[in-house]
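So the structure is just underneath, and the comments pick up after that.
If you're wondering where the values come from, they're calculated on a predicted model, not measured in any experiment.
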Amino acid sequence: MYPAPDIIHESSGHAPIIGEPDYAVYLQYFGEIGTKALSSRKDFELYEAIRHLSILKEHAGTTEAELAEAENKLKTVQDNMGEPSEMALLSRLHWWTVEYGLIGSLDDPKIYGAGLLSSIGESASCMQKSVPKLPYDLNTVAYTYDITKPQPQLFVTPDFEHLMDVLNQFADTMAFRLGGKQSLEKAIDCQAVCTAVYSSGLQVSGIFKAANNDQSISYIQTTGPTALAFSGEQLEGHGISYHREGFGSPVGYLTGNNKDLADFSDEELSAYGISQGKRCSLRYSSGIVVEGVVLEVVRQAGKVVLISFEDCEVYRNDRKEIYFKPEWGTYDMAVGTEIISVFAGAVDKDAYESIGEEIAEPSTLLYTQNEDSKLLSLHALIGTLRSGTFDTEHWTNIFDQLSAEITDNWLALIELYEIAWANHAYDLAESAQGKLKTIITIRPSLKKLIDDGLRVAKEEPLNNH
């Protein structure tokens, strides 16, 4: 079930002001900054808790106990959010400007925020002296908001250009401008696809995880599908189908050299043994060692961005820390002395999410004609389950026949999840979701389809036709 579009808010709130040139520039720039903002795991937990509570409140059969449990869960998450993420802080700036902003002087402000313009009551009450009017500046990010209550204070900007100034000040604190270890740690906490940019310009897009406990970045590591790009375009042969299990590479200077390897000439590379077909040993100041036979040196815009090796071993501390083994195949080493930028999402989204890059299932999991016929039969049984009276035993019988190892089962599992959820059989729904999570680990390219399916299954009323 979806709420009706808020036509009044859009037409009388956003539409009248959006044509003002300076404000329109601010909105566009805000969107550009927003696409780079990093969220956190806590943001996702909060979103899920709010969504779950909203669904229960919409459902006619929800009990008081279920509501109380969901409300307690939401409060627990809210009370344990920790430090707000970039996205959380940016949402506050959006709230206090685009939705509830005032413009002019503190003594005589005018309304431009859509939330105020579209509310007859609050557009009048907000002008009362009992509602404090504060100057809009970077300190505004410290003020949280509650969308269900009148605002306890409002913020006044002298003009729209000032909005840009404050937004730029905030952007200067964000990971995409700062880079470094703290920014990478935000990406690791995010547990979603992010992009880290080497000083050479190489861009690595994937889900990052901790590689070591050094004070500065000495190695980056992703898990799952990863893509490499330069200047926003994916490097040929380095998409998610190739780096399907992740990517790892050192960061820093070579021992005894204060020049970025990315800036080495062909002669300097040769002096270090970095020539096609030759075995070389590269030692980083962090203690990481890369030993292997050079396959290829990739340059972009005159800089060395990637060196590929075969028969390669990457280790530190006399092999007490192993990062790569020869039997794992080709080792592609990113080049750069530091991570200069980190931001949310894949840098080349079209290539990263391309259906053409879909990761093939292992041959041992290929679907057979008999299995296809069996699945069609199970879908027919699900149809009878959907159209008749809900039967737990019937549901369980179908569920038991759907193996999570056969990833084409995912749509049938979504249907079973939807039927169980609609009939308040939440333990059964959780079982179906468990198998779906297993499918995602086997075939990550299905994650978005499955996540969207689960969302729709919870929000839409059960269709019995």
Side-chain angles (χ1 to χ4, degrees), residues 2-40 43 46-47 50-51 54 81 84-106 108-128 131-177 343-345:
Y2 295 97
D6 191 347
I7 300 300
I8 300 299
H9 176 71
E10 301 300 327
S11 60
S12 64
H14 289 291
I17 192 67
I18 202 170
E20 205 288 328
D22 289 336
Y23 184 64
V25 170
Y26 169 71
L27 289 178
Q28 180 176 349
Y29 189 51
F30 199 103
E32 293 171 2
I33 298 297
T35 62
K36 298 181 182 296
L38 295 171
S39 300
S40 68
D43 290 337
L46 180 63
Y47 167 78
I50 293 173
R51 186 168 68 121
S54 299
M81 288 294 292
S85 67
E86 290 179 351
M87 185 62 78
L89 294 175
L90 197 59
S91 72
R92 295 177 188 178
L93 293 186
H94 184 273
W95 184 260
W96 298 122
T97 59
V98 176
E99 295 295 346
Y100 280 83
L102 299 176
I103 187 170
S105 66
L106 294 177
D108 185 27
K110 301 294 187 294
I111 295 172
Y112 73 90
L116 294 173
L117 289 173
S118 61
S119 172
I120 296 175
E122 200 163 5
S123 62
S125 63
C126 76
M127 289 302 176
Q128 296 175 1
V131 180
K133 313 299 188 300
L134 306 177
Y136 178 71
D137 56 26
L138 191 56
N139 294 322
T140 304
V141 298
Y143 290 80
T144 59
Y145 59 90
D146 185 339
I147 65 174
T148 67
K149 299 176 182 178
Q151 307 313 305
Q153 74 284 307
L154 295 171
F155 296 88
V156 185
T157 181
D159 48 49
F160 291 132
E161 290 87 346
H162 182 66
L163 297 182
M164 291 287 288
D165 292 340
V166 174
L167 182 56
N168 260 318
Q169 292 174 40
F170 179 75
D172 286 340
T173 71
M174 293 174 63
F176 84 95
R177 287 190 179 174
F343 53 86

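Using a 4.5 Å heavy-atom threshold, the side chains of His162 and Tyr26 count as separate. Residues Asn168 and Ile33 are not in side-chain contact: their nearest non-hydrogen atoms beyond the backbone lie 4.5 Å or more apart. The shortest distance between side-chain heavy atoms of Val141 and Trp96 does not fall below 4.5 Å. Taking the side chain as every heavy atom from C-beta outward, Tyr143 and Phe155 approach each other to under 4.5 Å. Within the 4.5 Å cutoff, the side chain of Leu163 has no heavy atoms near those of the Phe30 side chain. Using a 4.5 Å heavy-atom cutoff, the side chains of Thr157 and Thr97 are not in contact. Between Val166 and Thr140, the closest side-chain pair of non-hydrogen atoms is not below 4.5 Å.
Between atom CZ of residue Phe170 and atom CG of residue Leu89 there is a gap of 4.5 Å, rounded to the nearest 0.5 Å. A distance of 8.0 Å separates CG of Asp108 from CE of Met127, quoted to the nearest 0.5 Å. For the atom pair Leu134 CG and Leu154 CG, the distance stands at 8.5 Å (nearest 0.5 Å). In this structure, CG in Leu138 is found 11.5 Å from CG in Asp165, a value given to the nearest 0.5 Å.
In terms of heavy atoms, Pro132 sits closest to Pro152 at CD-O, 3.1 Å. Minimum heavy-atom separation, Gly34 to Leu90: CA-CD2, 3.5 Å. Taking all atoms of both residues into account, the shortest heavy-atom contact from Val131 to Lys133 is O-NZ, 2.7 Å. Summarising the geometry of Ala88 relative to Pro84, their closest heavy-atom pair is CB-CB, 4.1 Å, with the distance given to 0.1 Å. Residues Leu38 and Phe343 come closest through the heavy atom pair CD2-C, 3.7 Å. The shortest non-hydrogen separation linking Ser105 to Val156 is O-CG1, 3.8 Å.
Annotation: side-chain contact (heavy atoms from CB on, under 4.5 Å) contacts of Ser39 (sequence neighbours excluded): Asp43, Met87. For Leu46, the side-chain contact (heavy atoms from CB on, under 4.5 Å) partners two or more places apart in sequence, or in a different chain, are Ile50, Leu74, Val77, Gln78, Met81.
At a cut-off of 3.5 Å, with distance as the only test, a side-chain donor of Trp95 or Gln151 sits close to an acceptor on the other residue.
Applying the salt bridge (Lys or Arg N to Asp or Glu O under 4.0 Å) test to every pair with at least one member in residues 22-34, sequence neighbours left out, gives no pairs at all.
The only member of Ile111, Leu116, Leu117 that meets side-chain contact (heavy atoms from CB on, under 4.5 Å) when paired with Tyr100 is Leu116.
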Exercise for the section: Run the numbers on Tyr112 and Phe160 for ring pair (Phe, Tyr, Trp, His ring centres under 6.0 Å), then give the verdict. Expected result: CA-CA 10 Å; Tyr112 73 90; Phe160 291 132; 5.3 Å; yes
